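Note sheet for the following structure.
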Amino acid sequence: MKRMFGIVLMGALVATVACSDSTGVDGTAPVEVSLRMDGSALSAAAFGGALSSGSAMEGVTPNQVDSLFVLVTSVSFLPVEAEGEGEGEEEEAEWIFLTLDEPIQIDLMSLPTEEDSLFVTGELPVGDYGKIRLQVSDASVWFNETIAQGPATLDPDIEHPVTVPSGSTSGIKTDLSFTVADDGNGTPAAVSLAFDPALTFSNLHVTGSGKVTLSPVFKTP
């Protein structure tokens, strides 16, 4: 039986800027980050796209997955002017973090498809941004039917721990252009991310011992 923490824990948790202002402008303004599911991705009954590795689980589709939980530990944003500086310590220093009151657990498979669900609110330095990322930990997946591939069998209605590559360090990155501006009325910048289950589960991998690896994919709605 699925554990009771399986409900979606969403909410407008107030966040604050946790690093220096690298946008080169003064002042901050509100921002609202919302999540939704890409409903169009659910209409495909089957898809290819699994990598050619022998451990890739070809044929795992969203309708075989009951829940995908991730624990979001922080949300960060990259100013446009910091893009193109390359990966590494220099770019890492340019990311602007929102400090959450506490980590947020989300069932990505329970996100709404018709409208955005408010995820987190906070203040960011005013300016243009080009990327957003979610640092995550303690991910797990639940299937609603038996999944068999090679030597591995994943049973339904059981929690399977998931490894998200670089989930707690560089995080899940998404290109997303938006502007944070102070209009004098406190109007927040609206930032919306769409979870794509089809792309996510086409890149699900499992070892012979049943260890699952995947990277949740977000895109702009």
Side-chain angles (χ1 to χ4, degrees), residues 1-3 5-10 34-73 75 104-117 119 132-176 192-221:
M1 178 181 293
K2 188 184 303 184
R3 290 181 289 179
F5 70 75
I7 28 187
V8 182
L9 300 180
M10 302 286 286
S34 299
L35 299 178
R36 65 182 297 179
M37 185 184 293
D38 178 18
S40 64
L42 298 178
S43 62
F47 55 87
L51 300 181
S52 60
S53 168
S55 62
M57 295 189 63
E58 298 183 13
V60 176
T61 58
N63 61 0
Q64 294 175 295
V65 180
D66 182 81
S67 302
L68 175 60
F69 294 101
V70 294
L71 188 68
V72 180
T73 56
V75 184
I104 307 171
Q105 187 183 60
I106 307 168
D107 179 4
L108 295 176
M109 294 300 290
S110 293
L111 293 174
T113 57
E114 298 299 325
E115 59 185 26
D116 293 341
S117 178
F119 170 50
I132 185 173
R133 68 181 182 181
L134 309 178
Q135 275 82 15
V136 302
S137 65
D138 298 331
S140 61
V141 63
W142 297 71
F143 298 100
N144 54 34
E145 60 183 78
T146 300
I147 304 295
Q149 179 70 22
T153 299
L154 302 178
D155 294 325
D157 303 319
I158 294 176
E159 180 186 26
H160 299 279
V162 169
T163 297
V164 178
S166 303
S168 61
T169 52
S170 60
I172 304 168
K173 294 182 181 179
T174 301
D175 293 333
L176 179 63
S192 182
L193 295 176
F195 169 63
D196 189 323
L199 289 178
T200 296
F201 295 115
S202 70
N203 289 313
L204 186 151
H205 292 255
V206 63
T207 66
S209 60
K211 293 182 179 180
V212 178
T213 299
L214 62 79
S215 294
V217 177
F218 290 90
K219 60 185 182 182
T220 55

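Please read all numbers here as calculations on a predicted model, not as lab measurements. For the single chain, residues carry numbers from 1 onward in sequence order.
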Over all heavy atoms of both residues, which pair between [X] and [Y] is shortest? Give the atoms and the distance, please.
X: Ser170; Y: Arg133; result: O-CD, 3.0 Å
X: Pro197; Y: Met37; result: CD-CG, 4.1 Å
X: Arg36; Y: Thr113; result: NH2-O, 2.5 Å
X: Thr163; Y: Pro165; result: O-CD, 3.5 Å

Which of these passes side chain to side chain donor-acceptor pair (under 3.5 Å) with Lys219: Asp38, Thr174, Asp175?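 With Lys219 as partner, Asp38, Thr174, Asp175 yield a single side chain to side chain donor-acceptor pair (under 3.5 Å), made by Asp38.
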Got [X] and [Y] here, is their nearest side-chain heavy-atom distance under 4.5 Å?
X: Pro216; Y: Val164; value: yes
X: Phe119; Y: Ile106; value: yes
X: Leu68; Y: Leu214; value: yes
X: Leu176; Y: Phe218; value: no
X: Pro156; Y: Thr146; value: yes

Just by modelled atom types, is the Val217 backbone N or O under 3.5 Å from a matching donor or acceptor in the Thr200 side chain?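 Such a contact is found between Thr200 side chain and Val217 backbone.
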Is a donor on one side and an acceptor on the other found under 3.5 Å between the side chain of Ser140 and the backbone of Phe69?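 Checking the backbone N and O of Phe69 against the side chain of Ser140, no donor-acceptor pair under 3.5 Å is found.
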Inter-residue atom distance [X].[atom1] - [Y].[atom2], 0.5 Å rounding:
X: Asp107; Y: Gln105; atom1: CG; atom2: CD; answer: 8.5 Å
X: Asp157; Y: Ser67; atom1: CG; atom2: OG; answer: 10.0 Å
X: Ile132; Y: Ser192; atom1: CD1; atom2: OG; answer: 9.5 Å
X: Lys173; Y: Ser215; atom1: NZ; atom2: OG; answer: 12.5 Å
X: Leu71; Y: Ile104; atom1: CG; atom2: CD1; answer: 9.0 Å
X: Asp155; Y: Phe143; atom1: CG; atom2: CZ; answer: 10.5 Å

Is there a side chain to side chain contact (heavy atoms under 4.5 Å, CB included) between Glu159 and Trp142 once you walk through the steps? CA-CA 5 Å; Glu159 180 186 26; Trp142 297 71; 3.4 Å; yes
In a check of side-chain contact (heavy atoms from CB on, under 4.5 Å) between Leu35 and each of Leu111, Val72, Asp116, which one passes?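 Exactly one candidate clears the test, Leu111.
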For the pair Phe195 and Phe201, name the ring-plane relationship: parallel under 30°, tilted 30 to 60°, perpendicular over 60°.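 Phe195 vs Phe201 ring planes: perpendicular.
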